Amino acid sequence: MKGIVFDIKRFAIHDGPGIRTTVFLKGCPLRCWWCHNPESQEVKSETDVKKNLLDGISFDKTEIVGKLMSVEEVIEILEKESVFYDESGGGVTFSGGEPMLQPEFLTELLKASKEKGFHTAVDTSGFAKTEYFKEILGLTDLFLFDIKHTNEAEHRKFTGVSNKLILKNLRFLTENDAHIIIRIPLIPGINSHKNEIGNMIELLNSFDGKIKEVHLLPYHDFAKNKYRRFEKENRLINLPVLEKSQIQIIKSRFENEGFKVKIGG
Ligand code: SF4
């Protein structure tokens, strides 16, 4: 079984507990305006041309983003890192793109990871068939589950898809006692305003106390050069970032409702 991987990050500390290896599967059905990995969206290899300057001379460095890998090749890399998982309570996180867009590959990766005794996390937009979530439920120790907007029309506008299936899947996971951490990208002018934060809290409270932890991911513009290199439209150009004080106010609102909150992953 092979799938397309766009990156493997060692010593990741923001994608679940402990020291982890994050395996980024390529391809995503969403088109979030704030996506900081636009190179992850297509389920195919792409060419990345970076400008480099050496001794006053400019030259192009070309890199292929996206590599076809077998489950065995990925697991071989994870095994080399596993000493760090044992020492830190870490493991492997499958991220994207949207890892559920390659469901068979993801399932095989999770099975092989569990056979090796690794703690497994899946970082998902939630936009996938519910049957795929059923398939991986028993193989996944932790779901890092994104909530981007509670309003369906706004969600469709800013991500390209409805949030109905996402919320259905979140309900399915909570009803089946999955361990879930909610991840919320905080995007100024889109979902970080008072009303929408209130709507998100109300939504999370509707899951009967099954959701206990929230990670807030404030928008940054670190990806602006990638948009240029991959010739993708950057619709949030010149968007100001949130002030620390604004982020703290949002954090406190979730904390006041009893959620454990972390800023960043
Ligand atoms: S779900 Fe994630 S990877 Fe997909 S477009 Fe949105 S931010 Fe990018």
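None of the values given here were measured: they were computed from a predicted structure. Both ligands and their constituent atoms are indexed starting at 1 by order of listing.
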How far is atom 4 (Fe) of ligand 1 from its nearest protein heavy atom, and which residue and atom is that? Cys28 SG, 2.3 Å
Answer yes if the side chains of Asn199 and Glu196 hold a donor-acceptor pair under 3.5 Å, and no otherwise. yes
Of all the atoms in Cys32, is at least one N, O or S atom closer to atom 4 (Fe) of ligand 1 than 2.8 Å? no
Within less than 4.0 angstrom of ligand 1, does Leu30 place any heavy atom? yes
If we check side chain to side chain contact (heavy atoms under 4.5 Å, CB included) with Asp123, which of these qualifies: Asp146, Ile181, Thr22? Asp146
Give the atom numbers and elements of ligand 1 that come within less than 4.0 Å of a heavy atom of Ser40. 3 (S)
Atom 8 (Fe) of ligand 1 and Cys35: any N/O/S contact shorter than 2.8 Å? yes
I'd like to know if Phe6 and Val74 are part of one continuous hydrophobic network [Ile/Leu/Val/Met/Phe/Trp/Tyr, side-chain heavy atoms within less than 4.5 Å]. no
Under 4.0 Å, counting heavy atoms only: does Lys148 come that close to any atom of ligand 1? yes
Among Lys226, Lys26, Lys232, which residue meets the salt bridge (charged side-chain N to carboxylate O under 4.0 Å, His left out) test with Glu39? Lys226
Can a donor-acceptor pair be found between the side chains of Thr107 and Tyr132 at a distance below 3.5 Å? no
For Gln41, the ligand 1 atoms whose distance to one of its heavy atoms is below 4.0 Å: 5 (S)
Would you please say whether a donor-acceptor pair under 3.5 Å links the side chains of Ser88 and Arg20? no
